[in-house]
Amino acid sequence: VQLQASGGGLVQAGGSLKLSCAASGRTFSNYAVGWFRQAPGKEREFAAAINWSGAITSYADSVKGRFTISRDNAKNTVYLKMNSLKPEDTAVYSCAAAHYRDNYYSRPTKANEYDFWGQGTQVTVSS
(Lines give C-alpha, C1' and ligand atoms only; values in the text may rest on other atoms or scores of the structure.)
Protein backbone atom coordinates (compact mmCIF):
# COMPACT_ATOMS: atom_id res chain seq x y z
CA VAL A 1 0.00 0.00 0.00
CA GLN A 2 1.26 3.46 -0.90
CA LEU A 3 0.06 6.24 1.39
CA GLN A 4 0.02 9.98 0.76
CA ALA A 5 -0.78 12.35 3.62
CA SER A 6 -1.90 15.90 2.96
CA GLY A 7 -3.80 18.79 4.50
CA GLY A 8 -1.30 20.16 6.96
CA GLY A 9 -0.60 23.83 7.40
CA LEU A 10 -0.35 26.75 9.76
CA VAL A 11 -3.34 27.50 11.99
CA GLN A 12 -3.99 29.61 15.07
CA ALA A 13 -4.72 28.01 18.41
CA GLY A 14 -8.37 27.04 18.61
CA GLY A 15 -8.57 26.50 14.89
CA SER A 16 -9.20 23.38 12.82
CA LEU A 17 -7.54 21.35 10.12
CA LYS A 18 -8.51 18.20 8.24
CA LEU A 19 -5.79 15.82 7.17
CA SER A 20 -6.22 13.24 4.43
CA CYS A 21 -4.40 9.96 3.86
CA ALA A 22 -4.90 8.65 0.34
CA ALA A 23 -4.02 5.02 -0.35
CA SER A 24 -3.24 3.09 -3.50
CA GLY A 25 -1.78 -0.22 -4.56
CA ARG A 26 -3.74 -2.82 -2.57
CA THR A 27 -7.22 -3.46 -1.25
CA PHE A 28 -7.48 -0.55 1.12
CA SER A 29 -10.42 -1.99 3.02
CA ASN A 30 -8.18 -4.81 4.27
CA TYR A 31 -6.18 -2.37 6.33
CA ALA A 32 -6.56 -0.55 9.61
CA VAL A 33 -5.08 2.95 9.46
CA GLY A 34 -3.42 5.02 12.13
CA TRP A 35 -2.22 8.59 12.46
CA PHE A 36 0.99 9.28 14.34
CA ARG A 37 2.76 12.54 15.03
CA GLN A 38 6.28 13.61 15.85
CA ALA A 39 7.21 16.98 17.28
CA PRO A 40 10.76 18.36 17.06
CA GLY A 41 13.00 16.69 19.60
CA LYS A 42 10.31 14.23 20.67
CA GLU A 43 9.52 10.64 19.90
CA ARG A 44 6.78 9.67 17.49
CA GLU A 45 3.47 9.21 19.26
CA PHE A 46 0.14 7.65 18.45
CA ALA A 47 -2.76 10.00 17.75
CA ALA A 48 -5.68 8.00 16.36
CA ALA A 49 -6.54 4.75 14.58
CA ILE A 50 -9.50 3.24 12.76
CA ASN A 51 -10.36 -0.34 11.91
CA TRP A 52 -10.83 -1.57 8.35
CA SER A 53 -14.58 -0.92 8.25
CA GLY A 54 -14.49 2.47 9.92
CA ALA A 55 -16.76 1.36 12.74
CA ILE A 56 -14.18 1.25 15.50
CA THR A 57 -11.71 3.94 16.49
CA SER A 58 -9.07 4.65 19.12
CA TYR A 59 -7.58 7.93 20.27
CA ALA A 60 -4.69 9.07 22.39
CA ASP A 61 -5.85 10.79 25.57
CA SER A 62 -4.17 14.00 24.42
CA VAL A 63 -6.47 14.31 21.38
CA LYS A 64 -9.64 12.60 22.57
CA GLY A 65 -12.67 14.82 22.15
CA ARG A 66 -10.85 17.14 19.74
CA PHE A 67 -9.76 14.86 16.87
CA THR A 68 -11.97 12.59 14.79
CA ILE A 69 -10.68 9.86 12.51
CA SER A 70 -12.87 8.54 9.70
CA ARG A 71 -12.52 6.72 6.41
CA ASP A 72 -14.15 6.37 3.01
CA ASN A 73 -13.16 3.02 1.55
CA ALA A 74 -14.79 3.89 -1.76
CA LYS A 75 -12.29 6.76 -2.05
CA ASN A 76 -9.38 4.84 -0.45
CA THR A 77 -8.95 7.70 2.00
CA VAL A 78 -8.72 8.16 5.75
CA TYR A 79 -9.29 11.54 7.36
CA LEU A 80 -8.23 13.17 10.60
CA LYS A 81 -10.36 16.15 11.56
CA MET A 82 -8.59 18.22 14.18
CA ASN A 83 -10.55 20.80 16.17
CA SER A 84 -9.60 23.08 19.05
CA LEU A 85 -5.96 22.85 18.05
CA LYS A 86 -3.30 23.72 20.60
CA PRO A 87 0.35 24.75 20.12
CA GLU A 88 1.36 21.37 21.56
CA ASP A 89 -0.35 19.70 18.59
CA THR A 90 2.43 21.08 16.38
CA ALA A 91 4.14 18.12 14.72
CA VAL A 92 4.66 16.18 11.52
CA TYR A 93 1.63 13.94 11.11
CA SER A 94 2.02 10.62 9.29
CA CYS A 95 -0.46 7.93 8.38
CA ALA A 96 0.22 4.20 8.41
CA ALA A 97 -1.61 1.03 7.36
CA ALA A 98 -1.76 -2.35 9.08
CA HIS A 99 -3.35 -5.43 7.52
CA TYR A 100 -6.33 -6.40 9.65
CA ARG A 101 -5.26 -10.09 9.72
CA ASP A 102 -8.83 -11.37 10.10
CA ASN A 103 -9.28 -9.29 13.24
CA TYR A 104 -12.35 -7.07 12.77
CA TYR A 105 -11.36 -4.89 15.73
CA SER A 106 -7.73 -4.36 14.69
CA ARG A 107 -6.62 -0.75 14.97
CA PRO A 108 -3.07 -0.79 16.36
CA THR A 109 -1.77 1.96 18.58
CA LYS A 110 1.93 1.02 18.33
CA ALA A 111 4.02 2.13 15.39
CA ASN A 112 5.79 -1.22 15.02
CA GLU A 113 2.46 -2.93 14.34
CA TYR A 114 2.04 -1.06 11.06
CA ASP A 115 3.14 -2.44 7.70
CA PHE A 116 3.20 0.67 5.51
CA TRP A 117 3.89 4.33 6.11
CA GLY A 118 3.29 7.48 4.17
CA GLN A 119 5.34 10.65 4.26
CA GLY A 120 4.32 13.23 6.82
CA THR A 121 2.48 16.50 6.59
CA GLN A 122 3.45 19.42 8.82
CA VAL A 123 0.90 20.88 11.21
CA THR A 124 1.89 24.09 12.98
CA VAL A 125 -0.35 25.69 15.59
CA SER A 126 0.52 29.23 16.61
CA SER A 127 -0.40 30.68 19.99
Could you tell me which non-hydrogen atom of [X] sits nearest to which non-hydrogen atom of [Y], and how far apart they are?
{"X": "S84", "Y": "D89", "value": "O-OD2, 4.4 Å"}
{"X": "Y114", "Y": "A49", "value": "OH-CB, 3.6 Å"}
{"X": "S16", "Y": "N83", "value": "OG-OD1, 2.9 Å"}
{"X": "A111", "Y": "R44", "value": "CB-NH2, 3.7 Å"}
{"X": "N73", "Y": "S29", "value": "ND2-CB, 3.6 Å"}
{"X": "P87", "Y": "S127", "value": "CG-CB, 3.8 Å"}

Would you say the rings of F36 and W117 are close, in the sense that their centroids are separated by under 6.0 Å? yes
Check: [Y] main-chain N/O paired with [X] side-chain donor or acceptor under 3.5 Å:
{"X": "S106", "Y": "N103", "answer": "no"}
{"X": "Q119", "Y": "A5", "answer": "yes"}
{"X": "R37", "Y": "T90", "answer": "no"}
{"X": "N51", "Y": "I56", "answer": "yes"}

Could you walk me through whether S53 and Y104 pass the side-chain contact (heavy atoms from CB on, under 4.5 Å) check? CA-CA 8 Å; S53 74; Y104 176 82; 3.3 Å; yes
Heavy-atom distance under 4.5 Å between the side chains of [X] and [Y], does that happen here?
{"X": "V1", "Y": "Y31", "answer": "yes"}
{"X": "V92", "Y": "T121", "answer": "no"}
{"X": "I50", "Y": "R107", "answer": "no"}
{"X": "R101", "Y": "D115", "answer": "yes"}
{"X": "T77", "Y": "Y79", "answer": "yes"}
{"X": "R66", "Y": "Y59", "answer": "no"}
{"X": "L19", "Y": "M82", "answer": "yes"}
{"X": "F46", "Y": "P108", "answer": "no"}

On the 0 to 90° scale, with breaks at 30° and 60°, tag the Y100-W52 ring pair as parallel, tilted or perpendicular. tilted
Residues passing the side-chain hydrogen bond (donor to acceptor under 3.5 Å, both in side chains) test with Y105, sequence neighbours excluded, are none
Atom [atom1] of [X] and atom [atom2] of [Y]: how far apart are they, to the nearest 0.5 Å?
{"X": "L3", "Y": "S20", "atom1": "CG", "atom2": "OG", "result": "12.5 Å"}
{"X": "E45", "Y": "S62", "atom1": "CD", "atom2": "OG", "result": "5.0 Å"}
{"X": "Q12", "Y": "T124", "atom1": "CD", "atom2": "OG1", "result": "13.0 Å"}

Is D61 paired with K64 through a side-chain N to carboxylate O contact shorter than 4.0 Å? yes
side-chain contact (heavy atoms from CB on, under 4.5 Å) for V33 and F28? Distances and angles first, verdict last. CA-CA 9 Å; V33 175; F28 181 60; 3.7 Å; yes
Are F116 and W35 connected in a single hydrophobic cluster, I mean Ile/Leu/Val/Met/Phe/Trp/Tyr linked by side-chain heavy atoms less than 4.5 Å apart? no
